[in-house]
Every structure is written in structure tokens, then in C-alpha cells.
Amino acid sequence: MKRILTMQDLSCVGQCSLTVALPILSAYGVETCVLPTAVLSNHTMFKGWSYLDLTPQIPEIFGYWKKNEFKFDAFLLGYLGKAELMDLAEDAFDGFSAKGSEIIIDPVFGDNGKLYGGFDLNYVAAMRRLLRRADYILPNVTEACFLTETKYIEEYDENFVKELGNKLKKLTHGKIIITGVEFGGKIGEYIADEEKILWHELLPVKKHGTGDIFASVFTAKLLAKESVTQACESAAAFVRECIKKTDDNHFYGVQFEKILNGANK
Ligand code: PXL
């Protein structure tokens, strides 16, 4: 069985970050270890939130992990919350990688042309540096724009996305997958290595937390030796199904729990 370390925040309410990564990766048969970077009362799309920064605790956690010689076959990074955590992420890669381990980074910090609450350009710069360690990166279009210092535009085309992919290649040796590419009435992922967009049906509703679900399923499928294209297809199909199964009045996330029992089928 593969063992993964997922490093992201724990939002107590909100169906995002660790509360989706842990159940989803586990359901796909991956031993899932967690490194919570912060505890939030709820995610930042609600009306206000409390934030307990766990950064000072992490060196002590690493101390015990060293003593116990823990190693991980993969790392999945999502919302970290503070630029200081990037150095600790590198310490984790340096100290706890099993042979052939892979690093998947979803540089969660924004959407719709804007940074999420609590993030600034200093965070973006730290993430830009961290990406050089990644084997796979999963930015959305907004994050790709910030990372490459490209002006975000609402209406773009395939050339714009290709250009983002080319600029991201300068930041990482990893495989680049730009998520949430949307134009012409479709949604998809741009797979930079193949210079192609993998298109899917565009649903009329947008839901929070779907990027975190996409990253979790994508990672589980990569660990199960699916290709990048297959892993994207699986992840997009899972997200689509979650959105379809979510009650209309459930506004803050998707009810992935409704389909999780079928994750291994
Ligand atoms: O889904 C990404 C995410 C994760 N964690 C927290 C968030 C968000 C997006 O807003 O607020 C705390």
C-alpha cells in the first residue's frame, strides 16, 4: 500500500482541504498521513473565520518522524496558508521521501482572478520557488497567472493557456496541469506536456472545494499508476458526479460523501 503525506489546512467546517483529502485518498486505498498547517473554524468563503497557525508545531512533529524513520511515497500539498510553510515543506521532502517518491503541489491561493483572503504576493513568490521541487503541479488559471506574473483575463483562448503552460515550464521540471480551463461552453485541464486541453461537460453551477477533490482523486489515481490524462479524466468525472449529487441549497462545498462508497469501483 502506498503511503502519502498530505500537507494542508484543517478547516473544521466546509468540505475542503484535509476534510476531503483524508477520506478520499483513504477510500482509494492510500494510507493517508496528514500534516495540518493550520486549524480554521471554517473555510474562508464563510462570514469570517478563526485561524490557529500550526507552523511552530511542525519542527517538533518532524523530530518524532525522524526518530521513527517515517517515509512517504508521495506528498500532496494544498492550501498551506503562510509563506513560512514552504521551507518546512522542503524539509519534509528532504527528510521523509521514500525512494521514488512523488511531489504533487496544488498551489491553492486564488480563483476568478483574485487571491483568496489572507494571501499576498509574498505567498505567491514563496510558492513559485517551491514549485521547482514538484513532480506535478495543479494550478487553476488564476494561480497560473499569478505564478507567471501574467495579467488575468476573463475571456481567454487556447493560446493564452498554452502561453501560461510555457511560462510555468520555467518554474518547474514537473508535469504541469492547469485546471478549470473554461471557454467555448466547456471546462477542462490543459496538460502542458501534450499541449492539449482535456475537455469535459460544463455544469451550470460552481461549487467550493472542488479543486481539492480534484487534486485528491488525481493523486490517488497517479499512485495507482494511471497516466496524467487518465488521472485527470477520473478526477474530473468524480468532481462532476459530486456536483450533480449536491443538494441545490448546499452552498459551501460538494457532498462528495454521497459517492465515496463507490470510489473503488
Ligand atoms: O478549497 C481551497 C481552500 C482550502 N482551505 C481554506 C480555504 C480554501 C478556499 O477558499 O479557504 C481554508
Side-chain angles (χ1 to χ4, degrees), residues 4-25 32 34-55 57-58 75-86 88-89 104-121 123-124 126-127 130-131 134 136-147 152 177-180 182 187 189 203 205-220 235-236 238-240 242-243 246 250-257 260:
I4 191 167
L5 176 65
T6 182
M7 182 173 176
Q8 37 190 328
D9 75 280
L10 176 58
S11 285
C12 301
V13 177
Q15 287 162 314
C16 71
S17 42
L18 278 187
T19 63
V20 306
L22 181 53
I24 291 176
L25 286 162
T32 308
V34 299
L35 186 59
T37 56
V39 179
L40 285 81
S41 54
N42 44 263
H43 66 54
T44 62
M45 298 293 164
F46 285 102
K47 294 181 215 135
W49 60 92
S50 69
Y51 191 101
L52 173 67
D53 178 20
L54 295 180
T55 310
Q57 183 67 23
I58 292 177
F75 299 84
L76 169 61
L77 273 62
Y79 182 112
L80 300 180
K82 279 183 70 184
E84 289 80 346
L85 284 155
M86 311 288 171
L88 290 165
I104 299 111
I105 302 183
D106 183 358
V108 180
F109 57 69
D111 206 359
N112 301 312
K114 296 197 188 75
L115 297 174
Y116 293 135
F119 289 105
D120 57 18
L121 292 179
Y123 185 88
V124 176
M127 181 56 78
L130 187 64
L131 292 186
Y136 299 88
I137 66 167
L138 301 168
N140 60 29
V141 175
T142 297
E143 290 153 355
C145 284
F146 274 100
L147 288 165
Y152 176 84
I177 299 104
I178 303 179
T179 62
E182 193 182 318
I187 189 157
E189 298 81 47
L203 297 175
V205 285
K206 290 265 173 305
K207 291 284 182 182
H208 198 67
T210 49
D212 300 346
I213 292 176
F214 184 95
S216 301
V217 178
F218 174 84
T219 299
F238 190 96
V239 166
R240 210 158 53 240
C242 289
I243 295 174
T246 298
H250 186 84
F251 67 94
Y252 57 80
V254 290
Q255 294 168 319
F256 67 93
E257 300 86 351
L260 203 55

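Just so you know, ligand 1 is whichever comes first in the structure, and atom 1 is the first atom listed for that ligand. Starting from 1, each residue takes its place in the sequence as its number.
- Side chain of Thr37 to backbone of Leu80: a donor-acceptor contact under 3.5 angstrom is found.
- Contact annotation for Gln8 and ligand 1: no heavy atom of the residue comes within less than 4.0 Å of the ligand.
- Of the heavy atoms in Thr44, both backbone and side-chain atoms come closer than 4.0 Å to ligand 1.
- Atoms of ligand 1 lying under 4.0 Å from at least one heavy atom of Val108, given by number and element, are 2 (C).
- At under 3.5 Å, a nitrogen or oxygen of Asp9, whether backbone or side chain, sits near a nitrogen or oxygen of ligand 1.
- Contact between His208 and ligand 1 is present, with at least one heavy atom of the residue lying under 4.0 Å from the ligand.
- If you take CD1 on Ile213 and CZ on Arg240, they are separated by 14.0 Å, rounding to the nearest 0.5 Å.
- Between Asn42 and ligand 1, no pair of N/O atoms sits closer than 3.5 Å.
- Of the protein's heavy atoms, Ser11 OG, 3.2 Å lies nearest to atom 12 (C) of ligand 1.
- In terms of modelled atom types and a separation under 3.5 Å, the side chain of Thr142 and the main chain of Gly110 share no donor-acceptor contact.
- Test Thr19, Thr32, Leu260, Thr219 against Ile24 for side chain to side chain contact (heavy atoms under 4.5 Å, CB included) and you get one pass: Leu260.
- With ligand atoms numbered from 1 in the order given, ligand 1 contributes 4 (C), 5 (N) to contacts under 4.0 Å with heavy atoms of Ser17.
- Below 4.0 Å from some heavy atom of Met45 lie the following atoms of ligand 1, by number and element: 10 (O).
- Nearest protein heavy-atom neighbour of atom 2 (C) of ligand 1: Asp212 OD2, 3.4 Å.
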*Could you go through the ring-ring contact (aromatic ring centres under 6.0 Å, His included) check for Tyr79 and Phe119 one step at a time?*
CA-CA 10 Å; Tyr79 182 112; Phe119 289 105; 5.0 Å; yes

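- Taking the six-membered ring for Trp and thresholds of 30 and 60 degrees, Tyr252 and His250 have ring planes inclined between 30 and 60 degrees apart.
- The heavy atom nearest to atom 7 (C) of ligand 1, out of those in Tyr51, Tyr79, Phe109, is found in Tyr79.
- Numbered from 1 in the order shown, with element, the atoms of ligand 1 that lie under 4.0 Å from a heavy atom of Leu40 read 12 (C).
- Remark: the backbone N or O of Val239 is not paired with any side-chain donor or acceptor of Thr210 at under 3.5 angstrom.
- Note on ring orientation: taking the six-membered ring where Trp is involved, the planes of His43 and His208 are tilted (angle from 30° to 60°).
- A distance of 8.0 Å separates CD1 of Ile4 from OG of Ser216, quoted to the nearest 0.5 Å.
- Against a heavy-atom cut-off of under 4.0 Å, Cys16 is close to the following atoms of ligand 1: 1 (O), 4 (C), 5 (N).
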